[in-house]
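So the structure is just underneath, and the comments pick up after that.
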Amino acid sequence: MYRILKAQKLADKIVLMDVYAPRIAANCQPGQFVIVKMGENGERIPLTICDYNRVEGTITIVFQEVGVSTVKMADLKENDSFRDFAGPLGNPSDLVHEDLEELKHKKLLFVAGGVGAAPVYPQVKWLHQNGIEADVIIGAKTKEMLILEDELKKVSGNLYVTTDDGSYGRTGLVTNVMEDLIQNQGKKYDACITIGPMIMMKFVCLLTRKYDLKTVVSMNPVMVDGTGMCGACRLMVGDQVKFACIDGPEFDGHLVDFDQAIKRSQMYKTEEGRVLLKQQEGNTHHGGCGNCEEMTNG
Amino acid sequence: MADMLKKVPVREQEATVRVTNFKEVCEGYNQEEAVKEASRCLNCKNAKCIQGCPVAIDIPGFIKEIQEGNIEEAYKVISKSSALPAVCGRVCPQETQCEGKCIRGIKGEPVSIGKLERFAADYALEHDIMPESSEEKNGHKVAVIGSGPSGLTCAGDLAKQGYDVTVFEALHELGGVLVYGIPEFRLPKEKVVAKEIEKVKELGVTFETNVVIGKSTTIDQLFEDEGFEAVYIGSGAGLPMFMGIPGENANGVFSANEYLTRANLMKAFDENYDTPIFAGTNVAVVGGGNVAMDAARVAARLGACVHVVYRRSAAELPARAEEVHHAREEGIIFDLLTNPKEILVDENGYVKGMKVVKMQLGEPDASGRRRPEEIPGSEYEIKTDTVIMSLGTSPNPLISSTTKGLDINRWECIIADEENGQTTKEGVFAGGDAVTGAATVILAMGAGKAGAKGIDEYLRNK
């Protein structure tokens with residue numbers, strides 16, 4: 001059993017938990033994920049690692065209530081336990097392997113949407129600890145849905161916040177902020193890392209392609225085992241089939257076939273289910289239903 | 001007087017009934033039937049059946065005990081050589097191993113060795129009879145990676161010799177392919193697999209789930225940080241293969257691994273479990289091995305009309321004859337000498353059909369089987385909404401890619417000595433599908449035994 005040491009509501013339907021998993025905490029790196037399973041009958045759910053404490057032996061996860069299992073998970077309290085907690089899975093971010101001196105001369109832009117701010121955080125923090133300040137854009141639907149702003153502020157170079165409805169920070173989509181920074185403010189970036197709903201990452205990539213800005217995305221498709229066994233998470237990257245769990249989760253965003261990936265992510269959502277999902281998710285609805293053509297921040 | 005040339009028939013669930021449930025198909029012998037079948041054994045001095053068994057069970061020895069009604073003794077004879085007899089009695093390909101060598105089989109049917117093994121093993125499970133107890137602990141720590149048949153056998157053998165063994169399992173349940181791959185109706189999980197693993201536990205083996213070696217920790221860390229003196233890799237062959245044809249990423253195309261893992265490990269067929277499965281209405285299973293039969297029979301139980309699409313003819317089907325027979329009985333249709341060309345996809349990304357081509361057999365290829373060739377112009381479409389690719393699996397590179405000095409061959413299989421499991425890295429042994437590529441439960445167990453012997457010799461001489 002893996003004990004929950006902290007359970008905190010970050011926003012409506014978004015929960016943060018610190019979980020005691022010393023093996024994972026000892027070996028994980030930014031960019032990797034874990035698989036959690038609540039009880040005997042639960043699903044295996046992949047979640048990107050949001051933070052880790054090697055001394056305390058804890059892993060921080062952040063998740064949004066989007067389906068049967070995550071709704072149940074949100075009810076867990078401090079001192080409750082997960083039956084299963086496996087990882088770290090997937091590959092660490094490329095950043096971790098890059099030459100630090102070279103990295104210091106690069107200007108990096110992180111673009112996070114909704115709950116995607118959580119997996120962006122350990123990367124920006126890692127850079128900060130290594131003396132590199134990256135610019136970060138976080139987008140949310142509304143002020144209430146914004147997470148980790150204070151934490152990110154402490155470790156980012158410039159932090160730009162935008163909301164769909166303008167209830168906080170700028171008004172508009174993350175891509176509007178990107179356009180403003182690059183076109184109006186003359187900012188130059190060497191690489192962009194974006195994590196959020198697939199539809200958001202798709203539009204970020206369409207934009208960065210225009211600027212010829214190398215873009216890394218973190219894919220979050222349907223998974224079962226997370227160790228390369230099932231192939232549920234397969235996606236097209238260029239002309240190759242890749243498994244997000246063992247080849248990713250990060251890929252060159254300009255090569256990912258997002259339209260196919262978005263369709264595949266709807267596999268277990270029926271027509272009725274999608275409607276229900278939209279109702280249940282309310283203003284946390286992030287376009288994963290397949291009915292929404294338009295992009296939102298999260 | 002019973003016909004001594006024929007096996008005592010074994011009771012099975014009626015095909016039309018069993019296709020609606022996940023309960024075990026074969027009901028096994030009762031004691032009367034078992035004793036009767038055991039009496040067919042000629043108790044050969046130079047028993048060929050033992051040579052046919054990858055773990056060399058004293059077959060005439062245990063059958064003799066059954067003949068005399070000493071079922072507990074029969075189990076003890078088996079358990080000297082096998083840690084998982086209730087599993088093997090169900091899933092071993094006896095027809096090509098022990099039973100294939102049986103003298104009775106020359107004129108008539110061989111002795112039903114598998115069903116007798118199962119009977120003795122089930123008796124032991126029901127009566128809580130323990131295998132032979134282990135020697136004193138010797139204080140040497142050995143790590144076993146993977147809790148499938150190979151790892152369990154290796155761990156059990158080493159524990160019996162007094163080693164302090166820890167098994168690391170990547171998934172949340174113990175058993176490897178016995179729980180994620182082989183369906184409930186062929187191998188009951190709680191009644192058989194969990195109970196046999198419990199016996200390995202009672203030998204003093206420690207199990208840790210959710211540890212992905214190569215990620216959660218590495219082999220080098222096991223040696224350096226955790227004090228293990230030897231490691232056995234029994235991580236299996238878990239990576240699914242796909243055909244590389246158009247449409248293969250459509251919604252409704254699954255690897256057999258995914259389909260079976262959802263159904264078996266995650267129990268998606270049971271509404272009390274949260275994991276969903278896309279059951280399908282018209283299912284096409286591509287491939288002809290045991291895994292293809294398992295996937296097809298699961299799909300049938302989930303209510304689908306199922307076709308098996310295989311590019312060679314019936315004679316070349318790699319699945320066990322019994323599995324093919326059971327599948328046919330359950331209404332599964334075999335489209336033989338047929339090969340997929342393209343999966344047809346609707347505007348929403350879901351499978352709407354499959355384009356296939358008829359095949360004919362040409363000259364024998366490297367494997368000795370006649371090479372299937374397309375018949376030009378014979379393409380046609382089959383109606384399907386779900387395609388399950390069952391084309392084989394290859395070893396997962398998670399361990400080999402994170403362990404310096406552990407060499408693999410071009411099929412990503414770990415290179416290991418067949419006699420003792422020794423790999424190219426000191427103190428590291430390997431066996432089972434991780435070494436051979438996808439094979440059978442019993443061959444993996446044989447390799448686990450060899451690995452345990454190799455580790456014992458290595459640590460004694462160290």
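To find a chain, count down the sequence lines: A is the first, B the second, and so on, and within it residues start at 1.
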Carefully, step by step, assess Q123(A) and S93(A) under the rule side chain to side chain donor-acceptor pair (under 3.5 Å). CA-CA 8 Å; Q123(A) 301 197 28; S93(A) 299; 3.0 Å; yes

Who among G231(A), G226(A), G87(A) has the most heavy-atom pairs with chain B under 4.5 Å? G87(A)

Please work out whether the ring planes of F243(A) and F242(B) are parallel, tilted or perpendicular, with thresholds of 30° and 60°. perpendicular

Give, as side chain, backbone, both or neither, the part of V253(B) having an atom under 4.5 angstrom from any heavy atom of chain A. both

Taking side chain as everything from C-beta outward and backbone as N, CA, C, O, which of these in D239(A) sits under 4.5 Å from a heavy atom of chain B? Side chain, backbone, both or neither. neither

Between S216(B) and chain A, with a heavy-atom cut-off of 4.5 Å, which part of the residue counts as in contact: side chain, backbone, both or neither? both

Identify which part of Y2(A) has an atom lying under 4.5 Å from any heavy atom of chain B, answering side chain, backbone, both or neither. side chain

Chain A contacts, top residue of M266(B), Q221(B), K215(B), E248(B) (heavy-atom pairs, under 4.5 Å): K215(B)

Could you look at L171(B) and say if it's the side chain, the backbone, both or neither that has a heavy atom under 4.5 Å from chain A? both

Where does Q32(A) contact chain B at under 4.5 Å (heavy atoms): side chain, backbone, both or neither? side chain

Given a strict heavy-atom distance threshold of 4.5 Å, which part of L260(B) is in contact with chain A: side chain, backbone, both, or neither? neither

Listed pairs under 3.5 Å, donor-acceptor, residues 195-205 of chain A side chains, sequence neighbours left out:
| unit_1 | atom_1 | unit_2 | atom_2 | d |
| --- | --- | --- | --- | --- |
| K202(A) | NZ | D259(A) | OD1 | 2.8 |

Between E169(B) and chain A, which part of the residue has a heavy atom less than 4.5 Å away: side chain, backbone, both or neither? neither

Where does A237(B) contact chain A at under 4.5 Å (heavy atoms): side chain, backbone, both or neither? neither

Mind checking side-chain contact (heavy atoms from CB on, under 4.5 Å) for N249(B) and listing every partner two or more places apart, or none if nothing turns up? R234(A), M236(A), V241(A), Q260(A), R264(A)

Under 4.5 Å heavy-atom distance to chain A, tell me which part of E226(B) shows up: side chain, backbone, both or neither. side chain

Looking at chain A, which one of N257(B), N272(B), T218(B), N251(B) has the largest number of heavy-atom pairs inside 4.5 Å, strictly under? N251(B)

Looking only at G252(B), G244(B), P240(B), G238(B), most heavy-atom pairs under 4.5 Å shared with chain A are made by P240(B)

M389(B) backbone acceptor or donor facing S255(B) side chain under 3.5 Å: no

Audit row: E198(B), K201(B), salt bridge (Lys or Arg N to Asp or Glu O under 4.0 Å) steps and yes/no: CA-CA 5 Å; E198(B) 202 51 46; K201(B) 270 187 201 162; 3.7 Å; yes

Please tell me whether Y259(B) and S390(B) have a donor and an acceptor in their side chains that are separated by less than 3.5 angstrom. no

Side chain K37(A), main chain G39(A), donor-acceptor under 3.5 Å: yes

Are side-chain N/O atoms of N348(B) and D346(B) paired as donor and acceptor at under 3.5 Å? no

